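Reviewing the structure listed below.
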Amino acid sequence: MNSRDDLTTPGKAVEVAPGVHWIGAMDPDLRTFDIILKTANGTTYNSYLVRGDDGVAVIDTVKAGFQGEFFARLESVADYSEIRTIVLNHLEPDHSGALPELMRRAPQASLYISKRATSMLKALLKPNQGGFEYQRADTGDRIELGGRTLRFLHTPFLHWPDTQCTYLEEEGVLFSGDIFGCHYCDSRLFNDRAGDFRFSFDYYYAHIMRPFKSHVREALALIGPLKLNLVAPAHGPVLRDRPRRYVNRYRELSAPSIDAEMGEDERSFLIFYMSSYGNTARMAESVADGAESVAGVRISLYDLEGGEVEPFADLIEEADALAFGSPTINGDAVKPVWDLLSSLTVIDLRGKVGAAFGSYGWSGEAVSMVEDRLRGLKLRVPVQGKRIKLVPTEDELEECRSFGRQVAQALVGEGGASRVFDMADLG
Ligand code: FEO
């Protein structure tokens, strides 16, 4: 036995539950996944094989470059002629890469994908790779393998529209796809043997699942009642020791937290600003004063000079309205504002109210640039941005109060503020 007790000998499947084998692949050298995710520990592409009295099911495959490892493990526990069923919980290429070759080797097998996956299947597996027959699965649909029953749970947008989970009823095994996964490659395979992967688990959630929090909560409603002896995700350790912990962690991470701070009928309006000479700061104060005058709206004002960007993401996620104040410098909004806006891609901002304002010297592009970005992030921008040339007069500060009031009124549905739709809203 070596120091890390290598469970994943090349060419050998690993039994993870009675009659259930891990037949995936290890990618320890990966450091960047999908361009945006870092991993200090590589990743795994987990695939599983379930044996029933009447045949074998393969659940998910691996990334194309790793299919040799996958097929060698598969062949250690089954013949291709035994494969009756292939399930793809998610069609992203890290899980569908070996599908064409698997279908070629097991042409008798039926392929099951989620009801939302059809167009993706066609787009990912082009005609020159063969047209596949497939079945579309929905929540509650079952496959009988002979003493083994696979049941589907439709869990869309975690993190693609097509994603689903598959539950092996007799053993209480949830094949969860990317849900409960993480990029952490450890040849000890199981959560009670692998190194401490809590950071990777939370990091994966934050970057992959967090933008779809409401869908996470819907999926947890489906998963919650299941008896869980094992959670078998598509990446990272197989969760056999107290698997319910990981469900509960998702519950914590996806729960709204601002409720404890806000009154039941209050809406949260956050105003962020950056100021060179105090002019945009004075505008921000006036915008806040105006917004504060609208009943049911709680204002928070933040000078970005005094804060790191990252902690604001949690507040923004649960806020109802956001305003950003930036001076225009060299024809652009200032970097701290862009840094904050660029950090928001992991958050679902759809439908929040957005606004922009700022002082400028001669051209004043920052406000419209920020507004465009807000629309791109799917916020509503119901009130045209407020620009003031250099030092605001008292009349101009009153205009800022009016601006803040209009944005707040749009938030609570008062004042007849006209709603400006982004074209993307109409698609
Ligand atoms: Fe692991 Fe979304 O693919």
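One-based numbering, in listed order, for ligands and for the atoms of each. Please read these numbers as outputs of a predicted model, since none were measured by experiment.
Although no hydrogens or angles enter the test, the distance criterion places no donor-acceptor pair under 3.5 Å between the side chain of T149 and the main chain of E169.
Of the angles at atom 2 (Fe) of ligand 1, the one spanning OD2 of D178 and NE2 of H159 is 90° when given to 10°. Taking atom 2 (Fe) of ligand 1 as the apex, the angle formed with NE2 of H90 and OE1 of E92 is 90°, to the nearest 10 degrees. In this structure, NE2 of H95 and NE2 of H235 enclose an angle of 90° at atom 1 (Fe) of ligand 1, rounded to 10°.
Remark: R105 qualifies as a cation-pi partner of F71 under the 6.0 Å distance and 45° angle criteria applied to the six-membered ring.
The pair E171-K227 does not count as a salt bridge, with every side-chain nitrogen at least 4.0 angstrom from each carboxylate oxygen. Looking at R387 and E365, no side-chain N of the basic residue comes within less than 4.0 Å of a carboxylate O on the acidic one, giving no salt bridge.
Looking at D94 and atom 1 (Fe) of ligand 1 together, the shortest N, O or S contact belongs to OD2.
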